[in-house]
Asker: 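Dropping a structure here in structure tokens format, bear with me for questions.
Heavy-atom basis, side chains included; hydrogens, waters and symmetry copies ignored. Below, chain A is the first sequence line, B the second, and so on; all start at residue 1.
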2 protein chains.
Amino acid sequence: MNTAKGARARARTEITAAIKDAARRQLAAEGAAKLSLRAVARELGMVSSALYRYFPSRDDLLTALIIDAYDSLGEAAEAAKAAGAAEAAHGAVAGAEPLERWTAVCEAVRGWALAHPHEYALIYGSPVPGYTAPETTVPSAARVGLLLIGITRDAHEREALTAPPLPADLCEEAERMRADLAPDLPPEVVAALVAAWAQLFGLVGFEVFGQFHRVVEDRAPFFRHAAVRLAHGVGLRS
Amino acid sequence: MNTAKGARARARTEITAAIKDAARRQLAAEGAAKLSLRAVARELGMVSSALYRYFPSRDDLLTALIIDAYDSLGEAAEAAKAAGAAEAAHGAVAGAEPLERWTAVCEAVRGWALAHPHEYALIYGSPVPGYTAPETTVPSAARVGLLLIGITRDAHEREALTAPPLPADLCEEAERMRADLAPDLPPEVVAALVAAWAQLFGLVGFEVFGQFHRVVEDRAPFFRHAAVRLAHGVGLRS
DNA sequence: GTCTATAACGAGATAGAC
DNA sequence: GTCTATCTCGTTATAGAC
């Protein structure tokens, strides 16, 4: 009984994974807008109606791919943060640690995006027409942001961070963001952090989507320096 | 003779414009990946083969839409720069002028993007599968960047700009970018400028594509402050 | 010469009967 | 689950209207 149940569940997860793999291939070839259950089924030698046992609609398959992509990126970023922490523990100045973790996370985001451009486009590119992501994607989508908040919080605990003062018309919103995201950080730092988060993906997106073509050639050092300067803007010092 | 020629040319430009308008509507409804000549023709009461008198292929129509979008954005940004310059001429400190023009351009980019989200997605969103933009798009695509370079150059002529020193592994690339983009600016400033350019579109893209949903609510002052801080990063002072 | 319409091709998607 | 009839698409060749 257990074995039967286990085998059934195993088969189900295997087929689910195969479906998502085929869908990711279609994503790369045709784009998210043209993702069709039929094409996925054809590639797997199944019939389209069989897919509905695993994903009730095309949008649900899309949602699963989006969550997987956010999680894959989040895992890469979290692994880089942990590795950066370990690296910093080995040597050097203790105060440099948060900045090293920050840049490690940024470079992990870039590396993941360059390795998975189509999944990057799925989550940070143009919205898919006719599709709106459900709330279930939010926890996965938040992972990189939470990571950056955590690094900033660690740095703030060691040594109080500062950022330039806010204009009057931004104070209320900054307080609101602070209450939502990081009550233990100063509002200017929270505002700077959210901006840095968006700007990080601006740098990554420009590289992945080809806007740096014939503008920036040696991109790794360019990106690293920009990531360090993003950290400085949040108050992290070297 | 002249009138006949003129009428013909007028009709041609009118129909060309009508085709592009219909295509833009389809862009908004279905996305760039699903742009189809037949649907455009249907909407105009024409037959698909007739469109080939105006656009030799579907990709050429896409290219025309991309160039139009870049030019529309570029014109909005250039108008804002001119208006910012005029505004600054009226009053206030002379040294504040470049920063005001910088933020005016950034806010014009944001305003245009929010007013034309689908065209923004076409030029700064996910690449269209199976399509690669020809070199003819480059001049239009460069307009906003050139505008920011121009503002920075003006500021540098008044008062030498500085940016933090570059790491050794970025010096060569920064010199290359400087030679290509702005030989009269210091290499650190050029590197900071290119990064700021990408980061600007990170901020705009996050807002247009909905990443700020439930994160940033009062977005105009948030963006304005971030744009000012981008300018600071390039060396522009208030 | 300039344009539009008809018809067709090969490829792919889709809906429904079986 | 299978098969078929009917759609869509980009693109071309061709013929005729202005």
Side-chain angles (χ1 to χ4, degrees), chain A residues 8 11-12 14-16 18-62 65 118 122 126 128-131, chain B residues 1-68 118 122 126-134 136-137:
Chain A
R8 208 164 289 192
R12 188 176 172 82
E14 259 173 38
I15 297 181
T16 305
I19 292 171
K20 291 198 285 194
D21 279 350
R24 270 185 281 266
R25 276 190 293 275
Q26 222 204 321
L27 213 63
E30 304 279 0
K34 285 191 180 167
L35 179 73
S36 93
L37 286 180
R38 291 188 99 95
V40 172
R42 194 176 27 248
E43 192 178 327
L44 292 171
M46 301 170 81
V47 112
S48 65
S49 56
L51 287 195
Y52 285 86
R53 295 192 141 276
Y54 300 89
F55 296 96
S57 76
R58 187 202 83 128
D59 283 8
D60 289 281
L61 175 55
L62 209 48
L65 296 176
H118 304 103
L122 179 66
S126 320
V128 182
Y131 171 85
Chain B
M1 198 141 70
N2 263 348
T3 55
K5 245 190 174 177
R8 209 166 291 210
R10 198 160 45 244
R12 188 176 173 82
T13 57
E14 259 173 39
I15 296 181
T16 304
I19 292 171
K20 291 198 285 194
D21 280 349
R24 270 185 282 265
R25 276 190 294 275
Q26 224 204 314
L27 213 62
E30 304 279 0
K34 286 191 178 166
L35 208 198
S36 98
L37 283 183
R38 293 189 109 108
V40 170
R42 204 177 312 128
E43 190 178 328
L44 293 171
M46 301 171 80
V47 95
S48 68
S49 60
L51 290 195
Y52 284 83
R53 289 273 148 192
Y54 300 89
F55 297 96
S57 77
R58 189 203 86 127
D59 283 7
D60 288 278
L61 174 55
L62 245 185
T63 300
L65 296 177
I66 288 170
I67 290 174
D68 277 9
H118 303 104
L122 179 66
S126 319
V128 182
Y131 171 85
T132 48
T136 47
T137 59

Asker: Suppose we call a contact any N or O donor and acceptor under 3.5 Å apart; does that hold for the side chain of B/Ser57 and the base of D/dT11?
Answerer: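 Absent.
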Asker: If I take atom CZ in residue B/Arg12 and atom C1' in nucleotide C/dT2, what distance separates them, rounded to the nearest angstrom?
Answerer: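 Atom-to-atom, B/Arg12 to C/dT2, this comes out as 9 Å.
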Asker: Give the rounded distance in Å between these two atoms: CZ of B/Arg10 and P of C/dC3.
Answerer: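 In whole Å, C/dC3 P lies 14 Å from B/Arg10 CZ.
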Asker: Among the candidates D/dC9, D/dT11, D/dT2, find the nucleotide nearest to the side-chain atoms of B/Arg42.
Answerer: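 Among D/dC9, D/dT11, D/dT2, the one nearest the side chain of B/Arg42 is D/dC9.
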Asker: Heavy-atom distance under 4.5 Å between the side chains of B/Asp68 and B/Arg24, does that happen here?
Answerer: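 Answer yes - side chains close enough.
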Asker: Within the structure provided, determine whether B/Pro129 and A/His118 are in side-chain contact (heavy-atom separation under 4.5 Å).
Answerer: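 With C-beta onward as the side chain, the pair stays apart.
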Asker: Are the side chains of B/Phe55 and B/Leu62 in touch, meaning some heavy atoms are under 4.5 Å apart?
Answerer: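 No; the side chains remain at least 4.5 Å from each other.
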Asker: Looking only at non-hydrogen atoms, find the nearest pair between A/Leu65 and A/Lys20 and report the distance.
Answerer: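 Closest heavy-atom pair between A/Leu65 and A/Lys20: CD2-O, 3.8 Å.
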Asker: How would you label the contact of B/Ala11 with the nucleic acid (heavy atoms, under 4.0 Å): base, sugar-phosphate, or nothing?
Answerer: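 Result for B/Ala11 = nothing.
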Asker: Nearest-Å distance, CZ (B/Arg58) to C1' (D/dC9)?
Answerer: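 Checked: the CZ to C1' distance equals 10 Å.
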Asker: Less than 4.5 Å apart, any side-chain heavy atom of B/Arg12 and any of B/Arg8?
Answerer: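 Side-chain contact under 4.5 Å: no.
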Asker: Which whole-number value in Å describes the distance from B/Tyr52 OH to D/dG10 P?
Answerer: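 After rounding, the reported distance stands at 6 Å.
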Asker: Could you give the CG-to-C1' distance, from B/Leu35 to D/dT8, as a whole number of Å?
Answerer: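 Atom-to-atom, B/Leu35 to D/dT8, this comes out as 15 Å.
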Asker: Look at B/Ser36 and D/dC9 and indicate whether a side-chain polar atom (N or O) is within less than 4.0 Å of OP1 or OP2.
Answerer: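 Checking B/Ser36 against D/dC9: at least one side-chain N or O falls below 4.0 Å of OP1 or OP2.
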Asker: Looking across every strand, which nucleic acid part, if any, lies under 4.0 Å from B/Tyr54 by heavy atom: base, sugar-phosphate, or nothing?
Answerer: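 The answer is sugar-phosphate, as B/Tyr54 gets under 4.0 Å only of primed atoms, P, OP1 or OP2.
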Asker: Output the rounded distance in Å from CZ (B/Arg53) to C1' (D/dA17).
Answerer: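 Result: 13 Å.
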Asker: Expressed as a whole number of angstroms, how long is the span from B/Arg8:CZ to C/dG1:P?
Answerer: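 Going from B/Arg8 (CZ) to C/dG1 (P), I get 12 Å.
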Asker: Tell me what B/Ile15 touches on the nucleic acid: a base, only sugar-phosphate, or nothing, going by heavy atoms under 4.0 Å.
Answerer: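 The residue B/Ile15 makes sugar-phosphate contact but no base contact.
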Asker: With a 4.0 Å cut-off on heavy atoms, is B/Leu51 in touch with a base, just the backbone sugar-phosphate, or nothing at all?
Answerer: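 The answer is nothing, as B/Leu51 stays clear of every strand by at least 4.0 Å.
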Asker: Can you tell me the distance, in whole Å, between the CG atom of B/Leu37 and the P atom of D/dG10?
Answerer: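 These atoms are roughly 5 Å apart.
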Asker: At under 4.0 Å between heavy atoms, what does A/Arg38 touch on the DNA or RNA strands: base, sugar-phosphate, or nothing?
Answerer: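 Base: the residue A/Arg38, judged by heavy atoms under 4.0 Å, touches a nucleobase.
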